[in-house]
Chemist: 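What follows is a single structure, and I will ask about it in a moment.
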Amino acid sequence: MRVKLTRTVVLESCPLTRRKFEAIKEVYTDYSGLLLILTEHAFENKIRSPIKLRSSIPPELKVKYELPSHYYYTACQDAIARVKGFLEKKRKGKVKTEKPVIRKVSIWSCGIIRGSHNSTL
């Protein structure tokens with residue numbers, strides 16, 4: 001049995017200027033839209049690997065959401081995790097919908113931008 005440990009960390013920051021807040025809001029909105037599309041795509045096409053999902057991203061989606069590549073990387077991981085979780089719950093008879101529903105979005109941090117395990121954000 002594999003157990004994956006994760007930790008959610010809330011970082012305190014200096015007060016944001018309106019410009020910085022709007023930039024973060026834009027990234028969050030784009031990431032949320034991308035995650036919704038990728039989750040639906042993975043579910044409908046029975047994709048269970050983030051690598052396969054990432055390679056199947058249509059080029060027009062990359063034009064629509066002009067995000068850095070690490071957001072696509074983490075959005076694919078997030079989408080696959082949501083689909084797998086949904087299918088597991090469906091197998092146990094604990095779902096109320098026919099497909100995964102995204103209620104909360106959190107932008108993942110990935111090793112691509114962190115570098116090594118010893119670095120800090």
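These numbers come from a predicted model, not from an experiment. FYI, side chains are in, hydrogens and waters are out, and symmetry mates aren't considered; it's all heavy atoms of this structure.
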Chemist: Roughly how far, to the nearest 0.5 Å, is the CD1 atom of I57 from the OH atom of Y65?
Modeler: 12.0 Å
Chemist: Which heavy atom of R82 sits nearest to which heavy atom of K104, and what is that distance?
Modeler: NH2-O, 2.8 Å
Chemist: Which pair of non-hydrogen atoms, one from L53 and one from A79, has the smallest distance, and what is that distance?
Modeler: CD2-CB, 3.9 Å
Chemist: Does I80 belong to the same Ile/Leu/Val/Met/Phe/Trp/Tyr cluster as F43, with side-chain heavy atoms less than 4.5 Å apart forming each link?
Modeler: no
Chemist: Got a second to check how far T39's OG1 is from D78's CG, nearest 0.5 Å?
Modeler: 6.5 Å
Chemist: Just wondering, do R54 and S69 contact through their side chains at under 4.5 Å, heavy atoms?
Modeler: yes
Chemist: For residues P50 and C76, report the shortest heavy-atom separation together with the two atoms involved.
Modeler: O-CB, 3.9 Å
Chemist: In terms of hydrophobic clustering (I, L, V, M, F, W, Y; side-chain heavy atoms under 4.5 Å; direct or indirect links), are Y72 and I102 co-clustered?
Modeler: yes
Chemist: Would you say N45's side chain and H41's backbone share a donor-acceptor pair under 3.5 angstrom?
Modeler: yes
Chemist: If you count the non-hydrogen atoms of other residues, nucleotides and ligands that lie under 6.0 Å from CD in E60, is the total more than 12?
Modeler: yes
Chemist: Should we say atom CD1 of I51 is surrounded by more than 12 heavy atoms from elsewhere, each under 6.0 Å from it?
Modeler: no
Chemist: Distance-only criterion, 3.5 Å: show the donor-acceptor pairs between side-chain atoms of residues 86-95 and protein atoms not counting sequence neighbours.
Modeler:
| residue | atom | partner | partner atom | Å |
| --- | --- | --- | --- | --- |
| E88 | OE2 | R91 | NH2 | 2.5 |

Chemist: Under 3.5 Å, sequence neighbours excluded: what are the donor-acceptor pairs made by side chains of residues 23-37?
Modeler:
| residue | atom | partner | partner atom | Å |
| --- | --- | --- | --- | --- |
| Y28 | OH | V105 | O | 3.4 |
| T29 | OG1 | K25 | O | 2.8 |
| S32 | OG | Y28 | O | 2.8 |

Chemist: Apply side chain to side chain contact (heavy atoms under 4.5 Å, CB included) to S55 and list each qualifying residue two or more places apart in sequence or on a separate chain.
Modeler: none
